[in-house]
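Working notes, structure below.
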Amino acid sequence: MNISRTSFPRIVIIGGGFAGVSLAKKLSNKEVQVVLLDKHNYHTFQPLLYQVSTGGLEPDSIAYPIRKILKDYHNFIFRLAEVKEIDTTTKNVMTNIGSINYDFLVLATGSETNFFGNVELEKHSMAMKSIIQSLNLRSLILENFEQALLTDDLHERDALMNFVIVGGGPTGVELAGALAEIKKGILPKDYPDLDTRRAQIHLVQSGPRILKEMSEKASEKAEEFLEGLGVQVWKETRITNYDGKIATTMTDLIFETATLVWAAGVKGALIKGMDARELTVPGNRLKVNQFNQVEGVEDVFAIGDIACMVTPEYPIGHPMMAQPAMQQGAKLGENLIKLLENKPLDPFEYKDKGSMATVGRNKAVVDLKNYKFQGVFAWFVWMFVHLFFLIGFRNRMVVFVNWVYNYIRFDREARLIIRPYNKDYSRFED
């Protein structure tokens, strides 16, 4: 990798997400050599991916170059690399551009979509965990409406205009609300020769309520907002299969749709060499102690979505969200310096700052520690918080201007098919 050795200990971080960037910042200009590896050269603000999918924002509004984030840190090195395997015996990380040794290794690889072993669902549905996947979904949505103009088959036309979103968490709820607003305010203008009133948006949740991690009041209000926008919410309904045209459920209910978005679960993004059964828990997360050390492996740590730290308050680990990832990254940065100075480490304690979700224009739900509110004020709080946590002044300004423009004009300018979407089935051939 053309990285010279120094007299300082080398800390290798795999992953430039919330956890990895937070850790790198905490180690800035300390007496350590920090090497960050990621298969992309940018950090993605994942909470706003759904807005890229629905044409509200361009991808460069929610992405920021990793090198620029850490450009002022003299002990920082970045390499664009895809990690293939880890050998903890020799303390070696193998990638597609070569290998590198470490003194301390930190896994911040995040999570990926979990299809729970259903290959047909994985093969035909759409995921939304990366910018590339969001752009694919945007292209598919627009292409489907273009195709609906060309067919005389009513069933095919309806299927092309029907959307099924599986998973009633924040991602599913926000995507459903955004699609409902597009149906109401944009499609009639873009496709005047198409009866867009026939378009349907279905939100399917396997449990008894949506936004199950939030308060019951937030769940009820979010469902009320969605139904007011015309979204059909199906609770205690489980999708069992999807062949690209028809989604079946555990009952007689079926959905005819050309677009099924899977937002029903995530799992840790494990790397070969760290995927042994004794190291992981269900959900492909690595077992870590209260200092984020991977149990049973020396000098290896895990933070963010990939880490499962079991505590009395969080018996299945912390939520796989941005806040725990950033807090774990910052705390591990402090502890690594203490470890090098032979000082006692501080255990990680998650400070829950609350959760929120937006359903659409002037509609959001917010659960804070002592306050819970919904509606217009919650929507403004949601916008402020997301703007605050975006990296880069330009990104904040671009997103703010886009939101103001969309609010005033009831429009989403980024309705562009940059490249046609073609599903790659090659990895399913076996």
Side-chain angles (χ1 to χ4, degrees), residues 15-18 20 38-64 66 80 82 108-145 163-179 182 201 203-204 239 242 244 247 257-270 284 304-306 320-322 325 386 390 395 399 412 414-428:
F18 288 109
D38 197 290
K39 60 183 177 182
H40 300 298
N41 74 333
Y42 55 85
H43 165 82
T44 304
F45 191 77
Q46 289 188 334
L48 293 180
L49 280 174
Y50 82 95
Q51 294 213 1
V52 174
S53 300
T54 54
L57 295 172
E58 282 289 4
D60 61 347
S61 303
I62 64 166
Y64 203 78
I66 292 175
L80 185 66
E82 184 174 359
T109 49
S111 58
E112 57 190 6
T113 304
N114 189 358
F115 293 94
F116 304 99
N118 192 318
V119 178
E120 283 299 299
L121 272 169
E122 183 178 359
K123 185 176 181 180
H124 296 291
S125 64
M126 302 294 292
M128 199 180 64
K129 283 289 291 178
S130 68
I131 283 180
I132 293 172
Q133 290 175 340
S134 295
L135 287 174
N136 286 339
L137 179 55
R138 184 178 78 178
S139 293
L140 180 64
I141 291 170
L142 297 172
E143 287 171 16
N144 283 350
F145 280 102
F163 302 91
V164 175
I165 302 162
V166 186
T171 299
V173 167
E174 292 176 346
L175 179 60
L179 287 172
I182 289 175
I201 299 145
L203 180 64
V204 182
I239 298 290
Y242 177 59
T257 178
T259 309
L260 185 144
V261 182
W262 188 263
V266 292
K267 60 182 179 180
L270 289 175
N284 282 11
D305 290 357
I306 192 68
M320 298 169 78
M321 299 188 302
H386 282 68
L390 271 170
N395 286 31
V399 170
R412 289 171 179 257
R415 301 190 300 279
L416 309 174
I417 304 174
I418 301 299
R419 65 185 190 281
Y421 171 65
N422 295 302
K423 186 80 173 183
D424 180 13
Y425 294 104
S426 60
R427 64 192 181 93
F428 298 100

### Query
With no hydrogens and no angle check, is any side-chain donor or acceptor of Ser139 less than 3.5 Å from a backbone partner on Asn136?
no
### Message
For Ala269, is there any backbone N or O sitting under 3.5 Å from a side-chain donor or acceptor partner on Thr109?
### Response
yes
### Task
Please check if the side chain of Lys129 supplies one atom and the backbone of Ala263 the other of a donor-acceptor pair under 3.5 Å.
no
### Query
Rounded to the nearest 0.5 Å, how far does CG of Leu48 lie from NE2 of His386?
5.5 Å
### Summary
The reported gap from CG in Asn284 to NZ in Lys267 (rounded to nearest 0.5 angstrom) is 5.5 Å
### Task
List the steps, then state whether side chain to side chain contact (heavy atoms under 4.5 Å, CB included) holds for Leu137 with Thr259.
CA-CA 9 Å; Leu137 179 55; Thr259 309; 4.1 Å; yes
### Query
Does any N or O in the side chain of Glu143 come within less than 3.5 Å of the main-chain N or O of Tyr421, such that one atom is a donor and the other an acceptor?
yes
#### Entry: Test side chain to side chain contact (heavy atoms under 4.5 Å, CB included) applied to Tyr42 and Ile62, Ile131, Asp60, the passing residue
Ile131
### Full working for side chain to side chain contact (heavy atoms under 4.5 Å, CB included) between His40 and Ile132
CA-CA 11 Å; His40 300 298; Ile132 293 172; 4.2 Å; yes
### Message
Looking at Lys39, I want to see if its NZ is surrounded by more than 12 non-hydrogen atoms of other residues, nucleotides or ligands under 6.0 Å.
### Response
no
### Summary
Looking only at heavy atoms, the pair that brings Ala247 and Leu260 closest together is CB-CD1, 3.7 Å
### Task
Output the distance between atom CD (Gln51) and atom OG (Ser134), rounded to the nearest 0.5 Å.
11.0 Å
### Task
Please tell me if the side chains of Asp305 and Val266 come closer than 4.5 Å, counting only heavy atoms from C-beta onward.
no
### Summary
One should read off an interatomic distance between Phe428 CZ and His124 NE2, to the nearest 0.5 angstrom, of 8.5 Å
### Task
For Ile165 and Leu179, run side chain to side chain contact (heavy atoms under 4.5 Å, CB included): C-alpha distance rounded to whole Å, both residues' side-chain angles, the deciding distance at 0.1 Å, then the answer.
CA-CA 10 Å; Ile165 302 162; Leu179 287 172; 3.8 Å; yes
### Summary
In short, Leu416 meets Leu142 closest at the heavy-atom pair N-CD1, 3.6 Å
## Note on the structure
Correct closest heavy-atom pair for Leu49 and Met128 would be CD1-O, 3.9 Å
### Task
Give the minimum heavy-atom separation between Leu203 and Gly167, together with the two atoms involved.
CD1-O, 3.4 Å
### Task
Just say parallel, tilted or perpendicular for the rings of Phe145 and Phe163, cut-offs at 30° and 60°.
tilted
### Query
For the side chain of Thr44 and the backbone of Gln46, is there at least one donor-acceptor N/O pair under 3.5 Å apart?
no
#### Entry: Closest non-hydrogen atom pair between Ser125 and Tyr242, with its separation
N-CD2, 4.1 Å
### Task
Begin with the C-alpha distance, continue with both residues' side-chain angles, and end with the deciding distance and a verdict on side chain to side chain contact (heavy atoms under 4.5 Å, CB included) for Phe116 and Glu122.
CA-CA 9 Å; Phe116 304 99; Glu122 183 178 359; over 6 Å; no
### Task
Report the distance from atom CZ of Phe115 to atom NZ of Lys123, rounding to the nearest 0.5 Å.
13.5 Å
### Task
With rounding to the nearest 0.5 Å, note down the distance linking CD1 in Ile201 to CG in Leu175.
9.0 Å
#### Entry: Heavy-atom donor-acceptor pair, Asp38 side chain to Gly16 backbone, under 3.5 Å
yes
### Pro47 vs Phe18 side-chain heavy atoms within contact, under 4.5 Å
yes
### Message
When you compare the side chain of Leu140 with that of Lys423, does any pair of heavy atoms fall below 4.5 Å?
### Response
no
### Query
Which pair of non-hydrogen atoms, one from Val52 and one from Pro59, has the smallest distance, and what is that distance?
CG2-CA, 4.1 Å
